[in-house]
Amino acid sequence: MNTPIIQSYFENPARPGTFDCVYTPDPLNIPYFKLSTPRNERFKAQGAVKMIETWTREGKPLFSGLVPLKGLENVLFGNRLEPKSKKSLFCLIQDGNLMQMHYFKNICPRNKALQRRFLLEYFRNQIQTAR
């Protein structure tokens, strides 16, 4: 299984719902992100319970609906379109004000069912490796 980039973010107390990167340099070039409730019916119909987005001077490099990972609490997942049209799968694990992102660069199974299966297998491997 491919090793993800793991990045941690803390919620900014001055801006609720905004999470700032803990480590520098940030290998994902996501210095912060904002979580919000989806307003667009398309995202709601796809099962999104949150939206994640971030901005840079060049534009909006991250904008995705986040879907709960069934079987695991506090885990949401989405995808990001990489330059040259490749998608990357990522998941967020929330622990209070800390959000940990596991980012699988240039890896994204075709549909939500395969993405769920991929992530559940990843977490199963993490548990077995920790033993």
Side-chain angles (χ1 to χ4, degrees):
M1 175 151 296
N2 293 333
T3 304
I5 298 169
I6 299 175
Q7 189 68 45
S8 295
Y9 297 83
F10 271 111
E11 188 168 20
N12 186 324
R15 299 179 304 175
T18 301
F19 292 79
D20 296 321
C21 183
V22 175
Y23 303 111
T24 53
D26 172 8
L28 298 175
N29 195 23
I30 302 172
Y32 73 94
F33 60 81
K34 181 164 180 60
L35 295 179
S36 60
T37 304
R39 294 186 203 110
N40 188 311
E41 291 302 319
R42 178 180 67 125
F43 288 108
K44 291 178 187 177
Q46 293 173 354
V49 295
K50 292 281 184 191
M51 296 298 297
I52 184 171
E53 56 189 320
T54 191
W55 301 265
T56 64
R57 290 184 182 145
E58 292 80 38
K60 194 184 267 194
L62 178 61
F63 180 76
S64 180
L66 296 173
V67 178
L69 184 59
K70 294 174 185 161
L72 294 175
E73 276 189 47
N74 301 326
V75 179
L76 301 169
F77 71 96
N79 57 53
R80 177 184 188 190
L81 186 60
E82 294 284 348
K84 302 195 187 316
S85 299
K86 292 193 177 195
K87 282 187 179 180
S88 294
L89 180 66
F90 68 91
C91 67
L92 295 174
I93 305 165
Q94 186 166 14
D95 184 13
N97 290 340
L98 175 68
M99 196 72 78
Q100 191 177 66
M101 181 182 289
H102 293 239
Y103 192 89
F104 299 89
K105 189 167 180 69
N106 296 326
I107 298 171
C108 190
R110 282 190 320 259
N111 59 46
K112 295 267 188 262
L114 292 174
Q115 292 169 9
R116 280 188 184 98
R117 193 175 309 149
F118 177 90
L119 289 170
L120 288 171
E121 182 66 26
Y122 165 70
F123 285 116
R124 238 180 264 124
N125 287 340
Q126 291 296 306
I127 292 167
Q128 289 175 353
T129 304
R131 290 182 184 174

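Here, residue 1 is the first one in the sequence, and each next residue gets the next number.
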For side-chain contact (heavy atoms from CB on, under 4.5 Å), just list the numbers for Tyr122 and Leu89, CA-CA rounded to whole Å, side-chain angles, deciding distance to a tenth of an Å, and then say yes or no.
CA-CA 12 Å; Tyr122 165 70; Leu89 180 66; over 6 Å; no

Is it true that a side-chain atom of [X] and a backbone atom of [Y] form a donor plus acceptor pair closer than 3.5 Å?
X     : Y     : value
Gln94 : Val75 : no
Ser64 : Asn79 : yes
Thr54 : Tyr32 : yes

Pairwise salt bridge (charged side-chain N to carboxylate O under 4.0 Å, His left out) hits with a residue in [range], at least two apart:
range           : result
residues 96-105 : Glu82-Lys105
residues 39-48  : Glu41-Lys44
residues 59-78  : Glu53-Lys60

The single option from Ile107, Leu66, Leu119, Leu76 passing side chain to side chain contact (heavy atoms under 4.5 Å, CB included) against Phe90:
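Only one option passes, and that is Leu66.
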
So, using salt bridge (Lys or Arg N to Asp or Glu O under 4.0 Å) as the criterion, who are the partners of Arg124 when residues are at least two apart?
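Counting only residues at least two positions away or on another chain, Arg124 forms a salt bridge (Lys or Arg N to Asp or Glu O under 4.0 Å) with Glu121.
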
To the nearest 0.5 angstrom, please state how far the [atom1] atom of [X] sits from the [atom2] atom of [Y].
X      : Y      : atom1 : atom2 : answer
Ile5   : His102 : CD1   : NE2   : 12.0 Å
Thr56  : Ile30  : OG1   : CD1   : 10.5 Å
Leu120 : Leu69  : CG    : CG    : 4.5 Å
Cys108 : Phe118 : SG    : CZ    : 9.0 Å
Tyr23  : Cys21  : OH    : SG    : 9.0 Å
Asn106 : Lys87  : CG    : NZ    : 13.0 Å

Look at the side-chain heavy atoms of Ile, Leu, Val, Met, Phe, Trp and Tyr, link any pair under 4.5 Å apart, and say whether Phe104 and Ile6 land in one connected group.
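The answer is yes; both residues are in one hydrophobic cluster.
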
Would you say Leu28 ends up clustered with Leu81 if hydrophobic residues are merged whenever their side chains have heavy atoms under 4.5 Å apart, either directly or through other cluster members?
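No, it is not one cluster - the side chains of Leu81 and Leu28 are not joined through contacts under 4.5 Å.
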
side-chain contact (heavy atoms from CB on, under 4.5 Å) between Ile52 and Met99: does it pass, once the steps are laid out?
CA-CA 12 Å; Ile52 184 171; Met99 196 72 78; over 6 Å; no

Show your working on side-chain contact (heavy atoms from CB on, under 4.5 Å) between Gln46 and Val67 and close with a plain yes or no.
CA-CA 8 Å; Gln46 293 173 354; Val67 178; 5.7 Å; no

Are the side chains of Arg80 and Pro61 in contact, using a 4.5 Å heavy-atom criterion?
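Answer yes - side chains close enough.
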
Considering all heavy atoms, the nearest Pro38-Ala48 contact
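Pro38 and Ala48 have their closest heavy atoms at CG-O, 3.5 Å.
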
Minimum heavy-atom separation for Pro27 to Gln7, with atom names?
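In terms of heavy atoms, the two residues are closest at CD-OE1, 3.0 Å.
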
Pair listing, ring-ring contact (aromatic ring centres under 6.0 Å, His included) test, anchored in residues 33-65, at least two apart:
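As it turns out, the ring-ring contact (aromatic ring centres under 6.0 Å, His included) pairs with a partner in residues 33-65, which skip direct neighbours, are Tyr9-Phe33, Phe19-Phe33, Phe43-Phe63.
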
So, using side chain to side chain donor-acceptor pair (under 3.5 Å) as the criterion, who are the partners of Ser36 when residues are at least two apart?
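Expected list: none.
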
Evaluate whether atom CG of Asn111 has more than 12 neighbouring non-hydrogen atoms of other residues, nucleotides or ligands under 6.0 angstrom away.
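Buried by this count: over 12 neighbours within 6.0 Å.
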
